[in-house]
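Here is the naming used below: chain letters follow the sequence lines, and residue numbers restart at 1 for every chain.
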There are 2 protein chains.
Amino acid sequence: MKPKKRTTIYDIAQKLNVTPSSVSRALNNSNYVNEATKKLILKTAEELNYKRNTMASNLRKGHSKTIGVVVPRINQNFFSNVIAGIEDATYKQGYNLIICQSNESYEKEVQSVNTLINQHVDCIVISVSIESNDHKHLQNVLDQNIQLIQFDRVADELETLKVINDNEQASFEAVDHIIEQGYKRIALLEGPQNLDIFRQRKKGYLNALAKHNIPVVNELIIENTWTKELGAKATRQLLSLPEPPDAIFASTSDFSALGVLEVATAMNIKVPSQLGICGYSNEAFTELTSPSITTIDQFSFYMGKTVANLYFQELENSDTIVVPKIISIKPKLIVRSSTMKKKR
Amino acid sequence: MKPKKRTTIYDIAQKLNVTPSSVSRALNNSNYVNEATKKLILKTAEELNYKRNTMASNLRKGHSKTIGVVVPRINQNFFSNVIAGIEDATYKQGYNLIICQSNESYEKEVQSVNTLINQHVDCIVISVSIESNDHKHLQNVLDQNIQLIQFDRVADELETLKVINDNEQASFEAVDHIIEQGYKRIALLEGPQNLDIFRQRKKGYLNALAKHNIPVVNELIIENTWTKELGAKATRQLLSLPEPPDAIFASTSDFSALGVLEVATAMNIKVPSQLGICGYSNEAFTELTSPSITTIDQFSFYMGKTVANLYFQELENSDTIVVPKIISIKPKLIVRSSTMKKKR
DNA sequence: TTTGAATATGCAATCGATTGTTGAAATTTA
DNA sequence: TAAATTTCAACAATCGATTGCATATTCAAA
């Protein structure tokens, strides 16, 4: 790299024999500069290929116009869509995005949050990792006076802005639909119960069973099955039961639903006639499997936009008191072949 | 938001009756501080919940330890994987990532690049948008003395570091495989020829035809078909030809290959026996369609890591001359059902 | 022509951290 | 004990941009 120095407002000031203040004012389109000199400054800035040093500017102004995002995995459909949504909204406001992934590791999550604090981001948007049980690092964000918005996987006990899906309702509707289709013994693949979203989904499942007076069978509920492999393993276990289920609701993810489907296919069990399957997330592939998989769409891109806009809205009202606010987005059940027991 | 001020090195200095310089030295683990005072400073920093202001630090040091990434779409499998790979490598080096998406728009790409320059990122990693024909904005990056690394979709004429796939070779192997399977009339869905990657893929296609003495038929080559819809449209066009193709190589993406498959299925044309299909990118869904789709894996995550490591490597050798370097990653043909005409 | 207001510009402090230089104190060596 | 050396900390400048305050200039109103 050549050691060429970048042009600063001082260079411009020197060349035009004015002070840096005037240059700054011209560049910021302030009224306290003569129109003629403003034009001149702007022209020379262009000529010298001047680029504002955002670091210096932000340091002085005391904010960074940057939002930090921490997600478990960038390359997971749901999250990359949320990020795309956030980016879409923040870009329009001239904000930047710093992205971190926790890889579902608590340690990396804490480190990422600390980096973002050091970077003086104006807001941290986070969906916590599976491993996260305590929230000292998030409390720290609040203590540092940084806006914190949690989405999807939220630490319930922490009073922050939150954007979530109505998991309970969606889960209820899914199981209700499954029952309506005539399935009687419905298994649940559930996620780690330290995360609220999975507790809610379980609640929805239980509510639906209750509504139809179907007893809860504990051996039909299997915990921690949020990958394809775990879903497959759980399915083998379930199907070898004396009284196996006739439907499986993979409330954790479409990936585990895929595991279910693959095992069923391998065991020559017909879906949906012998076994109903429902996933969660509406991953692109659920439409493409045979049979296609019934699932729940979370409106991820929209969720991202909502998160970002929530921040900007709070920013405007920053003079008034901050109320812990929760925005709940109602997900949509997408009925596909894998649960269509009744012919239409 | 409460207007609480964050603690700075001055606060620490004042409390301990030392100078900020000493605090800074202690915090940076310099040797020019007494062990005892260093410990004391570190302890008080902890107590006051001190967080370094990276903006100030970076301003002084003249770099940002940040890498800017510009991709067409964050939520596209290939790109989100590359980003994940970059993140993985940069995180280990204590670097941050600022992510921008161009949405395939030239204008937004230029704006994104400018923002990154203003942010004084140390390096810009970019995969240009479909729309990008000129590269003034990239030249500008170079002029500002910022390292520039292009990947996948690169502006060939610009002498920068590049990480690419050997598209020509991969494309050649795919078409070669298709021919070996017994297909005779092979159509090509090609991408915008202003992008080098698509030109290379076409070259590979032509080379494979030449190898097997198959004449090139112009009406079998259809340009600009990089979405599912465009792929479907092109397929309808191709299949209504007096002499329709018996195989279609969707060199643009798996999405267009999916469009081909859907049209074929709708028209009751058997894949692979009547029509062979090959996509590009190894999107997750290609494994799940029926039949599964033959495609080309680009090792996207690995590509991201390569990009990041290339930067760090160049950083180490920054005293020596910078040579425009091109790293080519050989993609891998993944043969699946959609081209398996020959029974095994 | 004098006064007052409006406009334009300069000065200097500031944001928070880093670092080269300098000098005092402590330690070692002769 | 004196001289030489090392250790430690203070001082002050710096990174680049912003902004409150003060001052100078211009112009209109009285």
Side-chain angles (χ1 to χ4, degrees), chain A residues 3-42 44-45 48-66 115 117-122 144-146, chain B residues 3-42 44-45 48-66 117-122 144-145:
Chain A
K4 203 175 53 179
K5 247 187 101 266
R6 289 159 72 155
T7 71
T8 70
I9 53 168
Y10 296 93
D11 300 325
I12 301 176
Q14 196 166 34
K15 180 157 185 191
L16 296 179
N17 239 333
V18 293
T19 53
S21 348
S22 297
V23 177
S24 173
R25 292 200 175 95
L27 256 20
N28 287 298
N29 203 21
S30 148
N31 287 326
Y32 299 95
V33 208
N34 185 290
E35 269 305 315
T37 47
K38 186 189 281 185
K39 281 223 179 77
L40 190 61
I41 289 172
L42 258 30
T44 355
L48 297 179
N49 200 8
Y50 167 80
K51 303 273 172 186
R52 165 189 277 118
N53 184 331
T54 317
M55 287 190 304
S57 170
N58 288 342
L59 173 61
R60 179 60 227 256
K61 292 204 191 141
H63 64 238
S64 62
K65 280 210 152 198
T66 298
T115 313
I117 294 177
N118 290 353
Q119 286 283 342
H120 272 231
V121 294
D122 296 342
Q144 295 288 336
N145 213 16
I146 297 174
Chain B
K4 206 176 53 184
K5 249 187 99 265
R6 289 159 75 155
T7 69
T8 69
I9 54 170
Y10 295 93
D11 301 324
I12 301 176
Q14 196 166 33
K15 180 160 186 187
L16 296 180
N17 238 335
V18 293
T19 53
S21 351
S22 297
V23 177
S24 173
R25 294 209 167 86
L27 257 20
N28 286 300
N29 204 19
S30 149
N31 288 325
Y32 299 93
V33 208
N34 186 291
E35 270 304 316
T37 47
K38 186 189 282 187
K39 281 224 180 72
L40 190 61
I41 288 172
L42 258 28
T44 3
L48 298 179
N49 199 11
Y50 168 80
K51 304 272 171 186
R52 167 189 276 118
N53 184 331
T54 317
M55 286 189 305
S57 169
N58 288 343
L59 173 61
R60 179 61 228 255
K61 291 205 190 139
H63 64 239
S64 62
K65 278 208 155 202
T66 297
I117 293 177
N118 289 351
Q119 287 284 342
H120 272 231
V121 296
D122 295 342
Q144 294 288 337
N145 214 16

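Here the side chain of Lys38(A) pairs no donor or acceptor atom with the backbone of Asn31(A) at under 3.5 angstrom. Without hydrogens or angle criteria, Asn34(B) side chain to Ala36(B) main chain gives a donor-acceptor distance under 3.5 Å. Of the possible polar contacts, none joining the Gln119(A) side chain to the Ser64(A) backbone as a donor-acceptor pair under 3.5 Å is found.
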**Message:** Can you build the contact string for nucleotides 7-19 of chain C? Use B for base contact, S for sugar-phosphate-only contact, and - for no protein heavy atom under 4.0 Å.
**Reply:** -SBBBBBBBBBBB

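Side chains of Ile146(A) and Arg6(B) form a contact here, defined as non-hydrogen atoms less than 4.5 Å apart.
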**Item:** Check against side chain to side chain contact (heavy atoms under 4.5 Å, CB included), Asn53(A) and His120(B)
**Value:** CA-CA 7 Å; Asn53(A) 184 331; His120(B) 272 231; 3.4 Å; yes

